[in-house]
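Here is the structure we will look at.
Each ligand, and each atom within it, is numbered from 1 in the order the structure gives. Bear in mind that the values here come from a model prediction, so they are computed numbers and not experimental data.
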Amino acid sequence: MVEYNSIVIHYGEIALKRGRRPYYEKLLKKNLEEKLGRKLRRLRGRLILKLEGDDWRILSEKIRKTFGVVWYAPAVYVKKDVEELERKIIEALREDNVRSFKVSVKRSDKTFPLTSLELAEKLGRSISNNLNLRVDLENPEKIVWVEVTEEGFYFLFEKIEGLGGLPTGSSGRVLSLLSGGIDSPVASWLMMKRGCIVDLLHIHSSLTHDEVLESKIGKIARVLSEYGLGLTLHLASFRPFFLKSFELPPKMILVVFRAYMARLADRMAGKKGYLGIVTGDSLSQVASQTLENLYAVSMFSQTPIYRPLIGMDKQEIIDLAKKIGTYEYSIQEYRDCCAILARHPETRADPRELREIWEKNNLEEVVEETLKDVAEYNF
Ligand code: ATP
Ligand code: MG
């Protein structure tokens with residue numbers, strides 16, 4: 001077993017954004033430190049976590065869920081002494097049952113006397129001689145990655161893929177309409193991936209908030225919170241709208257509900273400073289998500305509505321939900337509001353008609369009524 005003493009963390013896209021680079025790097029460092037409860041060090045182009053005898057696998061899970069990380073790896077730090085580096089790598093490879101390998105060197109310390117290729121060749125030769133292994137540049141069974149940094153060497157054997165994206169908090173706050181379905185958790189996650197702090201708003205038809213928090217809604221909020229630095233779940237009651245729904249033309253109920261949700265989120269955005277509203281709509285996935293309906297509903301919010309799933313197929317969304325870890329909860333039984341409402345919704349809502357229904361039935365008051373007891377829960 002290799003005795004890893006560090007974790008090397010690399011970021012890609014954020015390193016490309018020239019002007020803002022230090023800002024992104026510092027933010028990623030701060031986010032990781034908060035999640036891991038540990039201090040990191042920033043070397044050129046990477047972050048380093050020193051392991052203090054703890055299991056890197058436990059930390060790994062948290063790093064894997066941090067946006068902005070492109071890849072990371074458990075690594076062995078060796079002070080800048082090539083003989084020492086050779087010895088350590090040979091020691092680590094000795095118990096490995098591989099027959100072929102190659103060395104790949106990345107040099108970010110340009111003052112180091114050997115070029116990347118020279119160091120790779122030198123290491124390759126001594127490892128090969130010592131352990132009787134074959135160097136295979138085309139198809140090696142094992143790759144020894146060596147990083148030459150200003151403060152010493154790091155070597156590693158496996159790169160673990162991160163999520164990419166941008167560090168949480170680099171893009172402002174949005175409010176995501178969360179249902180119990182498969183789509184809206186994925187939509188929320190995609191906004192998180194672009195650096196947003198995403199809070200959730202769920203309209204529930206349960207008797208108590210505890211019931212909602214213990215349901216899949218609470219579980220989905222928990223899973224999503226692990227990708228950021230925590231989040232707030234706002235719970236609003238379905239009751240005011242439900243009571244009103246009996247007075248609405250049956251065919252229009254679902255579209256009016258959508259307009260109502262947009263307006264509710266818009267009002268909350270205004271009050272709490274969210275810069276956008278997020279929904280899990282995917283174009284024409286269901287009868288209510290036609291361009292006509294999305295158009296009519298969008299009229300009810302001054303705050304921009306973001307729909308990151310708009311161009312995705314159901315299967316793509318499902319695959320992503322599985323990767324995120326929300327799918328298994330989304331498919332559980334739940335009494336969702338939409339299911340309680342009309343079965344055959346209007347597919348081409350006329351914006352004027354929708355506005356008339358809104359005015360005639362005082363839906364603004366229903367929004368007002370709902371806003372009176374929205375509760376916040378922090379995850
Ligand atoms: P999802 O899988 O997210 O439920 P869906 O394709 O089933 O999406 P609908 O149920 O028609 O779509 O809802 C469209 C969007 O409206 C959802 O993605 C979500 O953003 C929002 N939404 C639906 N129901 C609720 C709710 N009870 N509370 C908050 N937002 C909701
Ligand atoms: Mg749904």
Side-chain angles (χ1 to χ4, degrees), residues 174-191 198-206 209 211-212 215-218 220-221 223-224 232-242 245 253-269 274 276-291 293-294 296-298 300-301 303 305-322 324 326-347 349 367 370-371 374-375 377:
V174 294
L175 182 63
S176 183
L177 281 161
L178 182 79
S179 73
I182 294 167
D183 304 341
S184 43
V186 177
S188 311
W189 186 88
L190 284 170
M191 295 305 281
V198 177
D199 286 341
L200 309 170
L201 168 60
H202 175 65
I203 298 152
H204 73 91
S205 57
S206 300
H209 284 170
E211 212 175 285
V212 187
S215 75
K216 66 172 170 180
I217 296 297
I220 289 169
V223 172
L224 290 175
T232 301
L233 169 65
H234 303 271
L235 291 183
S237 169
F238 182 49
R239 205 179 138 77
F241 185 89
F242 183 61
S245 70
I253 293 180
L254 202 58
V255 184
V256 180
F257 182 56
R258 287 289 144 71
Y260 156 87
M261 285 198 295
R263 182 69 184 130
L264 184 68
D266 182 39
R267 289 288 306 276
M268 289 188 53
Y274 294 109
I277 293 164
V278 183
T279 75
D281 294 310
S282 159
L283 190 55
S284 299
Q285 188 195 87
V286 291
S288 59
Q289 295 171 10
T290 58
L291 273 189
N293 285 356
L294 296 177
V297 165
S298 299
F300 286 80
S301 175
T303 312
I305 302 178
Y306 295 104
R307 299 180 171 94
L309 309 185
I310 199 71
M312 287 172 74
D313 295 336
K314 192 73 191 187
Q315 193 57 47
E316 291 177 278
I317 300 170
I318 289 174
D319 292 345
L320 200 45
K322 286 181 179 164
I324 297 167
T326 50
Y327 181 78
E328 57 171 311
Y329 299 121
S330 291
I331 57 174
Q332 287 173 5
E333 212 47 58
Y334 183 68
R335 224 169 88 91
D336 221 340
C337 311
C338 294
I340 300 166
L341 300 172
R343 306 256 155 256
H344 302 288
E346 177 60 68
T347 53
V367 170
T370 312
L371 280 170
V374 176
Y377 296 91

Report summary line: In terms of its nearest heavy atom to atom 27 (N) of ligand 1, the top option of Ile217, Ile203, Leu200 is Ile203
Query raised in the report: Looking at side-chain heavy atoms only, is the closest gap between Lys314 and Ser282 below 4.5 Å?
Result: no
Requested in this report: May I ask you to check whether Ser179 and Ser184 show a side-chain donor-acceptor distance below 3.5 Å?
Outcome: yes
Query raised in the report: What do you reckon, does Leu177 have a nitrogen or oxygen under 3.5 Å from a nitrogen or oxygen of ligand 1?
Result: yes
Query raised in the report: Considering only heavy atoms of Ile182, which atoms of ligand 1 have at least one such atom less than 4.0 Å away?
Result: 2 (O)
Report task. Could you tell me whether some N/O pair between Val278 and ligand 1 is separated by less than 3.5 angstrom? Result -> no
Query raised in the report: To which of Asp183, Leu201, Leu254 does the heavy atom nearest atom 6 (O) of ligand 1 belong?
Result: Asp183
Requested in this report: Could you list which atoms of ligand 1 come closer than 4.0 Å to a heavy atom of Gln289?
Outcome: 5 (P), 6 (O), 9 (P), 11 (O), 12 (O), 14 (C)
Report summary line: One finds that the ligand 1 atoms under 4.0 Å from a non-hydrogen atom of Thr279 are 20 (O)
Query raised in the report: For His234 and Tyr377, does a side-chain donor sit closer than 3.5 Å to a side-chain acceptor?
Result: no
Query raised in the report: Heavy atoms only: which of Met261, His202, Lys314, Arg307 is nearest to atom 31 (C) of ligand 1?
Result: Met261
Query raised in the report: In terms of atom number and element, which parts of ligand 1 are under 4.0 angstrom from non-hydrogen atoms of Gly280?
Result: 17 (C), 18 (O), 20 (O)
Query - Lys322 to Tyr327, cation-pi by 6.0 Å centre distance and 45° axis angle - result: yes
Report summary line: Here the atoms of ligand 1 under 4.0 Å from any heavy atom belonging to Gly181 are 1 (P), 2 (O), 4 (O)
Requested in this report: Considering the heavy atoms of Leu178, write down every atom of ligand 1 situated less than 4.0 Å from one of them.
Outcome: 26 (C), 28 (N), 29 (C), 30 (N)
Query - Residue pair Asp319 / Gln315, side-chain donor-acceptor N/O under 3.5 Å - result: yes
**Report entry** Donor-acceptor contact present, side-chain Asp266 to main-chain Thr303, <3.5 Å
**Finding:** yes
Query raised in the report: Of all the atoms in ligand 1, which lie at a distance below 4.0 Å from a heavy atom belonging to Ser179?
Result: 1 (P), 3 (O), 4 (O), 22 (N), 23 (C), 24 (N), 25 (C), 31 (C)
Query raised in the report: Taking side chain as C-beta onward, heavy atoms only, is Ile310 less than 4.5 Å from Leu294?
Result: yes
Query raised in the report: Can you tell if the side chain of Leu190 reaches within under 4.5 Å of the side chain of Leu309, non-hydrogen atoms only?
Result: yes
Requested in this report: Would you check if there is a donor-acceptor pair between the side chains of Arg263 and Thr370 at a distance under 3.5 Å?
Outcome: no
Requested in this report: May I ask you to list the atoms of ligand 1 that are less than 4.0 angstrom from any heavy atom of Arg258?
Outcome: 9 (P), 10 (O), 11 (O), 13 (O), 14 (C), 16 (O)
